[in-house]
Number of protein chains: 2
Amino acid sequence: MRMHILDSNNESAGVTMSTIYEVAAKAGVSPATVSRVLNGLKVSSAKSDAVRAAAAELSFSPNKTARSLRKQNSEVIALVIPDIENPFFTALARGVEDRLREAGFSLVLCNTDDDTETEAKYFEIAVSENMAGVILVPAADHTDLSPLLSRNRPVVAVDRSTGHDIDVVTMENRAAGLSATRALLASGYSRVACIAGPRGIETADDRSGGWQDALNLADRAADPTYLCHANYRVDGGRAAMLELLSLADPPDAVVVTNNLMGVGALQVLSEAGMAPPAFGVAVIGDLPFTTLDPTSVTIVHLPARNLGVTAASMLIERINGDRQSPRTVVLRNEVAIAVGGVPTR
Amino acid sequence: MRMHILDSNNESAGVTMSTIYEVAAKAGVSPATVSRVLNGLKVSSAKSDAVRAAAAELSFSPNKTARSLRKQNSEVIALVIPDIENPFFTALARGVEDRLREAGFSLVLCNTDDDTETEAKYFEIAVSENMAGVILVPAADHTDLSPLLSRNRPVVAVDRSTGHDIDVVTMENRAAGLSATRALLASGYSRVACIAGPRGIETADDRSGGWQDALNLADRAADPTYLCHANYRVDGGRAAMLELLSLADPPDAVVVTNNLMGVGALQVLSEAGMAPPAFGVAVIGDLPFTTLDPTSVTIVHLPARNLGVTAASMLIERINGDRQSPRTVVLRNEVAIAVGGVPTR
DNA sequence: CTTGCGTTTGAAATCGATTTCTGTAATCGT
DNA sequence: ACGATTACAGAAATCGATTTCAAACGCAAG
């Protein structure tokens, strides 16, 4: 039999958290009734008022750990992303956070550095912490979600898809590659190269596919040496740009398929005295906090924040019991704007 | 009397999490013994082996919620910051995350948008989730930490200090302002203005104080109209820069006291055709992912990541029972580098 | 052979909120 | 006015791991 000592002479002001038992004692009711009041179940208004008064007086706030243990779920969700320092993921995280907060959830941030092991460890944590769900930007295309799925934890994938049959939110990567390339062609550049992401990464292949499409539609042969693969980071962009510039017949413009590689490419170009518009550059992905002249670099804006908001919304629906079959949402890119100027001659 | 049904024919493969009771049953010992094995307490090696085998077979992972409820603490800490999209805080968060992860903690990210209400709400959550501690970049100088402190939750403040007597990690803001200004003077600029942060914000006052110091030491009067206050964001930097340019006797250089305002100021200057080095610019804080020419803008690097690592380390010490009186750590800035070129004439 | 101390282990209490179960009181219909 | 429902509220079980308490056992010394 459990004993609850309810000492009224609480000397040590507020050092301990007040519990539902103390509230019950002060209000002259049972703990069960307190719980009912706090959860909006039917209770006579007399007792209900007494409970509310007592709770306010003790500035009672229910212990989430106990609640979570009993209800077998918490109001915490995990956001698992490759790199919190990449502004794209930051914007995405911001969208997730905003949406979750208005729904009363908190966000645990998990940084994987694109490492599958780290990712797996976070899945274990998510389960053992009884988290309500997971929003995931997969580190690899073979991410194993079974630790989560077998425990019925809802998962929404963002940006990249997984091998599993779950909700996914992506964007029109191929169209982004297409518009970026077309913008450069329209500006008068004729030899347009492409710095793609790592081989085998879905977004990378799609975006460079869009570049191919654009060239085909314009009846230009896609010179295979004009397609570089790099690692989606600044140094990758630098290396690829250097390689392109050293070709026997170098391009006069380039489509860079993510934001950080765009920074690298632009750095190299400006070091070489070929900053846009001397050399045409289109970047897929935003470069916040740069001081670039917006008329000389074409930027295809990606809906990073909206990706986050959408994923969060879908996850919340699942948490609330939505059982429809998995959906794939493809967000439209906010169109390529700021078309670059014509090369100086 | 509690009953634990231990069904051996677990048809629904892995749908439920296995518990310590199932491990105990499979190993032929009591739950208490399982707990002891898992926590490294003295147990005979025969039973210890049996437990470990059973745990492995069931791929048992202890329920953190139950553990947290019983032990009255968790392995989760909260990082409360004003803006997750600001690269300064991102780098700081990254430092915190890395340090915490190697110590086995997880990180809950809390975005306040510099709003005291939101901040207070997060404190409540931290307490009711039994979090082990809080790392805080205060939204205001009057942040009320009593909800945390009265419950003995360790708190470390970063970047800005609070009214409370707790651990703080800051950096040499005044020295940063001084070096930035000196670098501009050394490059030959003579009328150096300053775009400071909001009035009353500690870091803002210190950095602009450093600007004053530098001018005094160089025996130059600090023209009061050369000191602008702005809101630490891009638009603030823009507005302040425009104001400076419109003065009757405009400056020929400016010290900008944070990264985002630096972006705003540079945008305005390049729109006005006065990009550095035509107009001298020194920025306090890093501008990652920009394509600026590093020889024309002076950057005072701030130890953002290290701030995070240090704060996390201090918090972990407190969590582990360190009771020494509150410390204030002041990190050295990684010195101003990349001194700008002399104005064109 | 017995008393005594130390070690290992299990039974049960515990953390705090939720929820089922059950009993009592109040309400309704005829 | 009486039996049948319904509404309300408390006692106790529950979530799963930790920890206290006490029993049981082994071994050593007298």
Side-chain angles (χ1 to χ4, degrees), chain A residues 1-6 16-52 54-55 58-75 125 127-132 151, chain B residues 1-6 16-51 54-55 58 60-75 125 127-132 151:
Chain A
M1 176 78 282
R2 66 191 300 155
M3 279 294 296
H4 279 276
I5 289 83
L6 307 167
T16 51
M17 199 76 192
S18 54
T19 74
I20 202 171
Y21 293 88
E22 302 173 39
V23 176
K26 185 172 273 271
V29 301
S30 76
T33 299
V34 177
S35 171
R36 288 191 263 255
V37 171
L38 268 42
N39 290 293
L41 302 183
K42 203 88 200 85
V43 167
S44 75
S45 61
K47 307 225 173 206
S48 160
D49 290 348
V51 167
R52 253 182 275 274
L58 295 170
S59 65
F60 169 75
S61 141
N63 182 313
K64 300 262 194 156
T65 305
R67 154 194 280 251
S68 163
L69 175 59
R70 179 63 230 246
K71 307 228 313 189
Q72 299 287 31
N73 74 4
S74 70
E75 252 110 28
I125 293 181
V127 171
S128 74
E129 296 259 11
N130 270 332
M131 292 190 192
R151 272 101 171 198
Chain B
M1 178 79 281
R2 65 189 301 155
M3 281 292 298
H4 279 277
I5 289 85
L6 307 167
T16 50
M17 200 75 193
S18 54
T19 73
I20 201 172
Y21 294 88
E22 303 173 39
V23 176
K26 183 173 275 275
V29 301
S30 76
T33 300
V34 176
S35 170
R36 288 190 264 254
V37 171
L38 268 44
N39 290 295
L41 301 183
K42 202 90 200 87
V43 167
S44 75
S45 62
K47 308 225 173 208
S48 159
D49 289 348
V51 167
L58 294 170
F60 169 75
S61 140
N63 182 313
K64 301 260 195 158
T65 306
R67 153 195 280 250
S68 162
L69 175 60
R70 179 62 230 247
K71 308 227 314 188
Q72 300 286 30
N73 74 2
S74 70
E75 251 109 30
I125 293 181
V127 172
S128 72
E129 297 257 12
N130 269 331
M131 292 192 192
R151 272 99 172 202

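Within every chain, numbering begins at 1; the chains are lettered A, B, ... in the order of the sequence lines, protein sequences first and strands thereafter. What's counted below: heavy atoms across the whole structure, side chains too, no hydrogens, waters or symmetry copies.
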Roughly how many Å is it from CG in A:L69 to P in D:dG16, rounded to a whole number? 7 Å

Using a heavy-atom cut-off of under 4.0 Å over every strand shown, decide if B:K64 touches base, sugar-phosphate, or nothing. nothing

When the distance from CD of B:Q72 to C1' of C:dC15 is rounded to whole Å, what number comes out? 6 Å

So the salt bridge (charged side-chain N to carboxylate O under 4.0 Å, His left out) pairs with at least one residue in residues 60-73 of chain A (sequence neighbours excluded) are none

Without decimals, in angstroms, what is the distance between A:K71 NZ and D:dG16 C1'? 18 Å

Could you pull out all residues at least two apart from B:N73 that satisfy side chain to side chain donor-acceptor pair (under 3.5 Å)? none

Looking at C:dA17, D:dG16, D:dA9, which one has an atom nearest to any side-chain atom of B:T19? D:dG16

Has the side chain of A:R70 got a donor or acceptor that lies under 3.5 Å from a partner of the other kind on the base of D:dT14? yes

Partner residues of A:S48 under the side chain to side chain donor-acceptor pair (under 3.5 Å) criterion, sequence neighbours left out: A:R52

Between P on C:dG16 and CD on B:E129, what's the gap in Å once rounded to a whole number? 15 Å

Stretch residues 29-44 of chain B: residues that reach within less than 4.0 Å of DNA chain D through a heavy atom: B:A32, B:S35, B:R36, B:N39

Listed partners of A:S59 passing side-chain contact (heavy atoms from CB on, under 4.5 Å), at least two apart: none

Please table the atom pairs, donor to acceptor, closer than 3.5 Å between any side-chain atom in residues 26-34 of chain A and protein atoms at least two apart or in another chain.
residue, atom, partner, partner atom, Å
A:K26, NZ, A:E57, OE2, 3.4
A:S30, OG, A:A32, N, 3.4
A:S30, OG, A:T33, N, 3.3
A:S30, OG, A:T33, OG1, 3.3

Between P on D:dG16 and CG on A:N73, what's the gap in Å once rounded to a whole number? 13 Å

Minimum heavy-atom separation for A:F60 to A:L38, with atom names? CE2-CD2, 3.3 Å

For the atom pair OH (B:Y21) and OG1 (B:T19), what is the distance rounded to the nearest 0.5 Å? 7.5 Å

Measure from CD1 on A:I20 to C1' on C:dT18 and round the result to the nearest Å. 8 Å

Atom CD of A:E22 and atom P of C:dC15 are separated, to the nearest Å, by 11 Å

Please round to 10 degrees the angle between the axis of the first five pairs and the axis of the last five pairs in the helix from C:dC1-D:dG30 to C:dT30-D:dA1. 50°

Of all residues at least two apart in sequence or in a different chain, which pass the side-chain contact (heavy atoms from CB on, under 4.5 Å) check with A:N130? A:S68, A:Q72, A:R153, B:N63, B:T65

Quick one: list whatever passes side chain to side chain donor-acceptor pair (under 3.5 Å) with B:S74, sequence neighbours left out. none

Separation of C:dT14 atom P from A:N63 atom CG, nearest Å, is 17 Å

